[in-house]
Amino acid sequence: MIFYKTAQEIEIMRESCLMVGRTHEAIVPYIKPGVKTVKLDQIAEEFIRDNGAEPGFKGYNGFPYTLCISMNEEVVHGMPSDREVKPGDLLSIDCGVLANEFYGDQAYTYCVGEVAPEVSQLLEVTKASLYKGIEQAVEGRRIGDICYAIQDYCEREHKFGVVRELVGHGIGRNLHESPDVPNYGKRGRGIKLKKGLVIAIEPMVNLGRKDIRQKDDGWTIYARDMKPSAHYEHTITIGKDKADILTTFEYLEAAIKSNPELSEIN
Ligand code: MG
Ligand code: MG
């Protein structure tokens, strides 16, 4: 069952979504070589609670942290730990916030220092594919139009591997709601997009093959061929002519510019 949101509920969700953006902004100054990823998690949790909200992921299906931090070949659901960040690392950081009974969800892949040109291209293409999907998120189109746009751009145009097993999702009073929003599919298929539908679109794209595995920790998903992976996510709502993006990268990207240890990917 799909829960369509009223205009008022969407405005409440926008606040949760902006708080996720602010949480990313709050951790960016700390992403540098030598920092333990659990430290970033602590900063995020403190920031969210100080703002009167709750971490959206902590306790979800038993996940013990505020952030998912997935490094290099890790795709998603990585666990913060005592592992230290080093130059050349990719950090895909996914964050959810629950405020006023509604969730916001957003992910971004950060690049610590210099990486190989093909890795930087992977990040650019994955982020661009998110916006290709968002372009399709208008009334009258179908879910499959979003899925196809992402897959076509990443796989046909750029020969990267689109992960199949993990998908975007509806979001609202629940972190994950119907419908699923896969990053692959056929044009013209799936439900028709209507006003009031709020979804998280989140391409997960591998430099190499699309195949994944799960670590023994029961959470971390990684690329089977051990090549780097990227993940970008926005929470959006369907618009008449244009989707309304509820989350924003604006704050975190401004913070990246002020952190000399991070590379900007456009
Ligand atoms: Mg997420
Ligand atoms: Mg999500």
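Ligands are counted one by one from 1 in listed order, and the atoms in each one are counted from 1 as well.
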Does a side chain donor of either His176 or Asp105 reach within less than 3.5 Å of an acceptor in the other side chain? no
Do NZ/NE/NH1/NH2 and the carboxylate oxygens of Arg164 and Glu155 come within less than 4.0 Å? yes
Under 2.8 Å from the Mg ion (ligand 2), is there an N/O/S atom belonging to His169? yes
Hey, are Tyr148 and Arg187 close enough side-chain-wise for a donor-acceptor pair under 3.5 Å? yes
Establish, from distance only, whether the side-chain atoms of Glu202 and His234 form a donor-acceptor pair under 3.5 Å. no
His169 side chain vs Leu175 backbone, donor-acceptor pair below 3.5 Å: yes
Give a yes or no on whether the ring-centroid distance for Tyr108 and His24 is below 6.0 angstrom. no
Strictly under 2.8 Å of the Mg ion (ligand 1): which protein N/O/S atoms qualify? Asp94 OD1, Asp94 OD2, Asp105 OD1, Glu233 OE1
